[in-house]
Every structure is written in structure tokens, then in C-alpha cells.
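These numbers come from the heavy atoms of this one structure, side chains and all, not from hydrogens, waters or symmetry mates. In what follows, residues are counted from 1 in the order of the sequence shown. Small disclaimer: the values here were computed from a predicted structure and weren't measured.
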Amino acid sequence: MSKTIRELADELKVSKQTIQYHYQRLPTKNRQKDSQGTNMISLTAERIIRDKVAKPLVANTQQTGSKKVTKTSKENNELIATLRREIEDLKSQRDKQLATKDRQIDHLTKLVDQQQQLQLATVADNRRLKDHVQKLSGQLTQKTNDNLSTGNDLFNIQDKKSKIAKQKIVKSGSNKDGIHTNRAIKRWWKFW
């Protein structure tokens, strides 16, 4: 029974291109086409193609198995050496980065400490100035109160003098009707 290229490829678990390649290399008498023009593989062509496809598969598995053993030991040794070098390089880079970060952290810690000390000094200076200002303002209010009381005493004395002056009325002559007008003494501090 004849098979198509696809059926044989699926059966042998290879690609259609592999079957097509071997089919085209067959002698012309073993190649057939059906009424639609599709390539059909006869039993003899199938056996030939199976033999050609099966031999490389067996040979490849045997060769890769033996090559893997030899490659594995050499490549593994080289790979292990390469990986160890890379690990050492990465460790040294990591150590350098950590050292750099440690220096940066130390520097920033010093800066923060300096900032805090400066802040504390500023707060202490502000407190001293505030106490000094309060002390000065207390002295100023005390002097002002003293001055006000002294000023009040002076004002009371001047007020008494003005009352006495009012009592002394100066007569300033008479007007047309013969009525005498009284005039008080005007002092300059009374204008305000």
C-alpha cells in the first residue's frame, strides 16, 4: 500500500523535508504519483527511505553519546574553571561595591551628626537670645513704669500749678459795655 510523504514522515517522526530529500534521490522507477499529482511512496521506496533515515538516527545517537562523554569531561573542566573565575570576579566586584557603600554610609553618618550638632547649637543660641530679649524687655517695662510714675507725678504737679493759675485770673481791661472779661493764663503744655 502506497503512502504519502507526510504519512511516512509522521510514522518515522522526522520532517517532511527529510522524506522529500530522500524521495528525490530515489531512482525514477521507484517514484510514483497519483491522479492528483501527489507523490506516493511504494513499499520498496518506503524500505529504502526507512533504511536511509534510520541509519543516521542510530549513528547520531551513538556518536553523540560517545562524543558527549569526551566533550563532557573536557568541556566540564573548562566550564568549571571559567565559572570559578567568573565567581571570583563577581565576588571581588561585590566586595569593592560594598566597601564603597560602607564609605558612603560613614560619610553620610558624619554629615548627619554634624547637622544635628549644628541644629542643637542653633537651638541653644536661640534660647539664650530669647531669654536675653525677655530680660531686656522686662527691664524696659520696669523703666517705662518708673518713668510713667515719675511722669505722672510731674503731670500732677503741673496740673496743680495750672489749677492755681486758673484761680489767679488776670483782668484784662474792659470792653465797650464796661464789662470786665477774665482771661486765664495760657501755658504751652495745655494746647495738647
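Taking the side chain to side chain donor-acceptor pair (under 3.5 Å) definition, one finds that Arg25 meets it with nothing, sequence neighbours left out.
Residue Arg94 places its CZ atom among more than 12 non-hydrogen atoms of other residues, nucleotides or ligands, all under 6.0 Å distant.
For Thr82 (side chain) and Glu78 (main-chain N/O), a donor-acceptor pair under 3.5 Å exists by modelled atom type. Distance alone, capped at 3.5 Å, is enough to place a donor-acceptor pair between the Ser137 side chain and the Val133 backbone.
What you find for Glu46 and Ile41 is that their closest heavy atoms are N-CG2, 3.5 Å. Across all their heavy atoms, Ser2 and Gln32 have their closest contact at OG-OE1, 3.8 Å. Between Asp34 and Thr38 the shortest heavy-atom distance is OD1-N, 2.7 Å. Residue Arg31 comes nearest to Leu26 through the heavy atom pair NH2-O, 3.1 Å, listed as atom of the first residue, atom of the second, then distance.
Annotation: side chain of Thr4 is not in contact with side chain of Asn39 (no heavy-atom distance under 4.5 Å). The shortest side-chain heavy-atom distance between Leu90 and Gln93 falls under the 4.5 Å cut-off. Proximity of Thr100 to Arg103: side-chain heavy atoms (C-beta onward) are separated by under 4.5 Å at one or more points.
Exactly one of Gln115, Lys110, Gln116 qualifies for a side-chain contact (heavy atoms from CB on, under 4.5 Å) with Val112. That residue is Gln116.
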